[in-house]
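The next block holds one structure in the form of structure tokens; read it before the comments.
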Amino acid sequence: MASIIDPELAKSLISEFQQRNSSSTGPHLTTPDGSFINGYFVDRESLESILSDSKIVGVSLQYAKHPDFTGTDDNIFTIILVGAVPNTDPGATSPYKSSGNHFDKLPPCPPNCTTLV
């Protein structure tokens with residue numbers, strides 16, 4: 001289970017990622033408009049759609065190439081969201097498998113950012 005962390009620690013960790021991403025040696029992950037990416041916004045409707053299935057035990061987040069930039073060298077990615085169910089397949093190598101709808105093209109931050117308080 002994920003852990004709740006102190007808001008000040010969250011700010012510090014986010015700031016460190018942002019500094020490294022935008023540094024001269026950073027990975028330079030960007031938004032479609034060329035800004036350095038800080039994160040993504042996940043809307044309630046998408047989450048409720050995934051979680052409406054009572055078999056879902058969580059949500060899997062996977063980094064993926066942004067579909068509008070496939071086949072390019074651009075460092076423009078997205079997150080794929082999908083519900084996760086226990087993987088009871090014989091010989092399963094992962095405790096979960098995807099189930100249901102996959103969501104992509106999450107709005108990037110910037111400009112869809114939240115303010116940490």
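Model, not experiment: these values are computed from the prediction.
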Check side-chain hydrogen bond (donor to acceptor under 3.5 Å, both in side chains) between Asp74 and all other residues, then give those that pass, not counting sequence neighbours.
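For Asp74 the side-chain hydrogen bond (donor to acceptor under 3.5 Å, both in side chains) partners, ignoring immediate neighbours, are Thr72.
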Partner residues of Lys105 under the side-chain hydrogen bond (donor to acceptor under 3.5 Å, both in side chains) criterion, sequence neighbours left out
Asp68
From [atom1] ([X]) to [atom2] ([Y]), nearest 0.5 Å:
X	Y	atom1	atom2	result
Ser60	His102	OG	NE2	8.0 Å
Ile76	Asp33	CD1	CG	8.5 Å
Asp43	Asn112	CG	CG	10.5 Å

Say whether Leu9 and Phe17 are linked into one hydrophobic cluster, either directly or through other cluster members, by side-chain heavy-atom distances under 4.5 angstrom.
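No, Leu9 does not connect to Phe17 through the hydrophobic network.
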Find out if a path of hydrophobic residues (ILVMFWY) with successive side-chain heavy-atom gaps under 4.5 Å connects Phe103 to Leu47.
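In one cluster: yes.
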With side-chain contact (heavy atoms from CB on, under 4.5 Å) as the criterion, how do Leu29 and Phe36 come out once you've worked through the C-alpha distance, each side chain's angles and the decisive distance to 0.1 Å?
CA-CA 6 Å; Leu29 304 177; Phe36 290 114; over 6 Å; no
Closest approach of [X] and [Y], non-hydrogen atoms and distance?
X	Y	result
Tyr40	Leu106	CD2-O, 3.7 Å
Val59	Ile50	CG2-CG2, 4.0 Å
Pro67	Asp104	CG-OD2, 3.3 Å

Within the 4.5 Å heavy-atom criterion, are [X] and [Y] side-chain neighbours or not?
X	Y	answer
Gln19	Ser15	yes
Asn75	Pro27	no
Ser99	Lys55	no
Pro32	Pro108	yes
Phe77	His66	no

Please lay out, stage by stage, how Leu13 and Ile5 fare under the test side-chain contact (heavy atoms from CB on, under 4.5 Å).
CA-CA 11 Å; Leu13 296 173; Ile5 66 171; 4.1 Å; yes
How far apart are the C-alpha atoms of Ile37 and Thr31, what are their side-chain angles, what is the distance that settles it, and do they pass the side-chain contact (heavy atoms from CB on, under 4.5 Å) test?
CA-CA 5 Å; Ile37 193 120; Thr31 66; 3.8 Å; yes
Verify side-chain contact (heavy atoms from CB on, under 4.5 Å) between Phe41 and Cys113, making sure each step is shown before the conclusion.
CA-CA 7 Å; Phe41 178 79; Cys113 303; over 6 Å; no
Take a 6.0 Å sphere around CD of Glu48 and say whether it holds more than 12 heavy atoms from other residues, nucleotides or ligands.
yes
Quick check on Phe69: does its CZ atom have over 12 non-hydrogen neighbours (other residues, nucleotides or ligands) under 6.0 Å away?
yes
Quick one: side chains of residues 80-90, donor-acceptor pairs under 3.5 Å with protein atoms, not counting sequence neighbours, listed by atom name and distance.
{"from": "Asn87", "atom 1": "OD1", "to": "Asp89", "atom 2": "N", "distance (Å)": "3.1"}
{"from": "Asn87", "atom 1": "ND2", "to": "Ser94", "atom 2": "O", "distance (Å)": "3.3"}
{"from": "Asp89", "atom 1": "OD1", "to": "Lys97", "atom 2": "NZ", "distance (Å)": "3.1"}

Do side-chain atoms of Ser22 reach the backbone of Gln18 as a donor and acceptor pair under 3.5 angstrom?
yes
